[in-house]
Amino acid sequence: MSRVGWAAAGAVAVVLGVSGCGGDGADRKEEAVPATVMDAPGVEDSGPVTRAKMRVVLNRITAGVGAPPNDPDWARTEAEPRPGSLQECSVSYRAFEKAKTLDTERTDALAAALIDRGWAKSPTEQTKKAKDGTITMTQSVFKKLGWSLVMEDWLFAENRTLKLTAFDDACVQGATIDPSISALLPAAQ
């Protein structure tokens, strides 16, 4: 994927995080994942990778490094995405904490956990710093089996937001993007 594509994925992840992009969930139910698959160490490596399987991956990876659980209010916003929407093509994790600095060790541990599960890390990583040199944002992108995962860690005032958003690349290609969101995306080149 080109830089423009990654920028678009990051912009969409930010917009989804800000807007919630809830839908009415009409005629859309997430397929169940059998317990035997849920308990497998590499759930995303057995059969087609579904949103339900990706939810298990995000939950396991974040719990494995001691990150807080997915915010329940956030989880409700994506429980039943609108059919054909970009949100139907993604699974995300959000954790909100009070903090004065980013926990870069935890972010590094998350990256290592993804790599250990076979995710390929993009060489492009973004970091932003405050005037005093404090890291205020990190962003990395990973790919595996037709999915792109954007990992972001933000610090704003004394609030920390850890975000992981996994996109089904093929689904994203066919999604109907709300005009208010597409206006924020860079033009394709």
Side-chain angles (χ1 to χ4, degrees), residues 1 3 5-21 38-45 49 51-79 86-87 89-145 147-169 184:
M1 187 182 290
R3 281 187 128 163
W6 288 122
V12 169
V14 169
V15 170
L16 284 174
V18 171
S19 68
C21 284
M38 297 288 252
D39 293 334
V43 67
E44 71 270 30
D45 295 327
V49 182
R51 289 180 77 240
K53 285 183 180 181
M54 194 56 65
R55 164 62 47 222
V56 172
V57 170
L58 296 184
N59 289 347
R60 284 190 182 164
I61 288 173
T62 53
V65 299
N70 194 23
D71 180 73
D73 292 332
W74 176 259
R76 279 191 290 281
T77 67
E78 72 168 9
L86 190 56
Q87 192 178 21
C89 301
S90 65
V91 178
S92 61
Y93 159 92
R94 300 289 185 274
F96 306 99
E97 302 175 285
K98 292 288 184 190
K100 293 183 187 231
T101 61
L102 289 184
D103 184 352
T104 55
E105 288 180 16
R106 184 163 61 194
T107 306
D108 292 345
L110 281 166
L114 287 164
I115 291 166
D116 286 349
R117 288 183 83 110
W119 288 81
K121 185 176 180 183
S122 169
T124 306
E125 185 173 297
Q126 294 184 17
T127 303
K128 292 186 180 179
K129 294 183 179 184
K131 290 180 183 179
D132 67 359
T134 304
I135 297 173
T136 58
M137 188 278 295
T138 63
Q139 181 185 61
S140 301
V141 178
F142 301 82
K143 293 200 58 81
K144 182 178 180 180
L145 299 174
W147 284 75
S148 297
L149 188 144
V150 180
M151 179 176 67
E152 299 174 291
D153 204 356
W154 290 83
L155 184 65
F156 181 73
E158 292 187 6
N159 297 298
R160 177 178 184 227
T161 303
L162 178 61
K163 304 189 296 185
L164 285 91
T165 306
F167 295 95
D168 178 339
D169 297 333
L184 299 173

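Remember, it's a predicted structure, so these values are computed and weren't measured experimentally.
Not counting sequence neighbours, Gln126 has no partner by the side-chain hydrogen bond (donor to acceptor under 3.5 Å, both in side chains) test. Residues passing the side-chain contact (heavy atoms from CB on, under 4.5 Å) test with Thr101: none are found, sequence neighbours excluded. In this view, Lys131 satisfies the side-chain hydrogen bond (donor to acceptor under 3.5 Å, both in side chains) rule with no residue, not counting sequence neighbours. Partners of Asn159 by side-chain hydrogen bond (donor to acceptor under 3.5 Å, both in side chains), not counting sequence neighbours, listed by chain and number: Lys98. With sequence neighbours left out, the side-chain contact (heavy atoms from CB on, under 4.5 Å) criterion links Pro69 to no other residue. Taking the side-chain contact (heavy atoms from CB on, under 4.5 Å) definition, one finds that Asp116 meets it with nothing, sequence neighbours left out. Shown here are the salt bridge (Lys or Arg N to Asp or Glu O under 4.0 Å) partners of Asp73, two or more places apart in sequence or in another chain: Arg76. Applying the salt bridge (Lys or Arg N to Asp or Glu O under 4.0 Å) test to Glu97 and every residue at least two apart in sequence or in another chain returns Arg106, Arg160. By the side-chain hydrogen bond (donor to acceptor under 3.5 Å, both in side chains) test, Thr62 is found to be paired with no residue, residues two or more places apart in sequence or in another chain being considered. Under the salt bridge (Lys or Arg N to Asp or Glu O under 4.0 Å) criterion, Lys121 pairs with Glu125, not counting sequence neighbours. For Glu105, there are no salt bridge (Lys or Arg N to Asp or Glu O under 4.0 Å) partners, not counting sequence neighbours. For the side-chain contact (heavy atoms from CB on, under 4.5 Å) test, residues two or more places apart in sequence or in another chain that qualify with Ile135 are Leu102, Thr104, Thr127, Lys129, Thr138.
Here the side chain of Thr165 pairs no donor or acceptor atom with the backbone of Ser92 at under 3.5 angstrom. Without hydrogens or angle criteria, Asn70 side chain to Arg94 main chain gives a donor-acceptor distance under 3.5 Å. In terms of modelled atom types and a separation under 3.5 Å, the side chain of Arg51 and the main chain of Ser90 share a donor-acceptor contact.
Across Val57 and Arg117, no two heavy atoms sit closer than the pair CG2-NH2, 4.1 Å. In terms of heavy-atom proximity, Leu155 sits nearest to Ala99 at CD1-O, 3.4 Å. The nearest pair of heavy atoms linking Tyr93 to Leu58 is N-CD1, 4.1 Å.
Annotation: the span from Leu149 atom CG to Lys144 atom NZ amounts to 11.0 Å, rounded to 0.5 Å.
Looking at Val49 and Asp168, their side chains never come closer than 4.5 Å, going by heavy atoms from C-beta outward. Put simply, the side chain of Leu162 reaches to within 4.5 Å of the side chain of Leu110, judged on heavy atoms.
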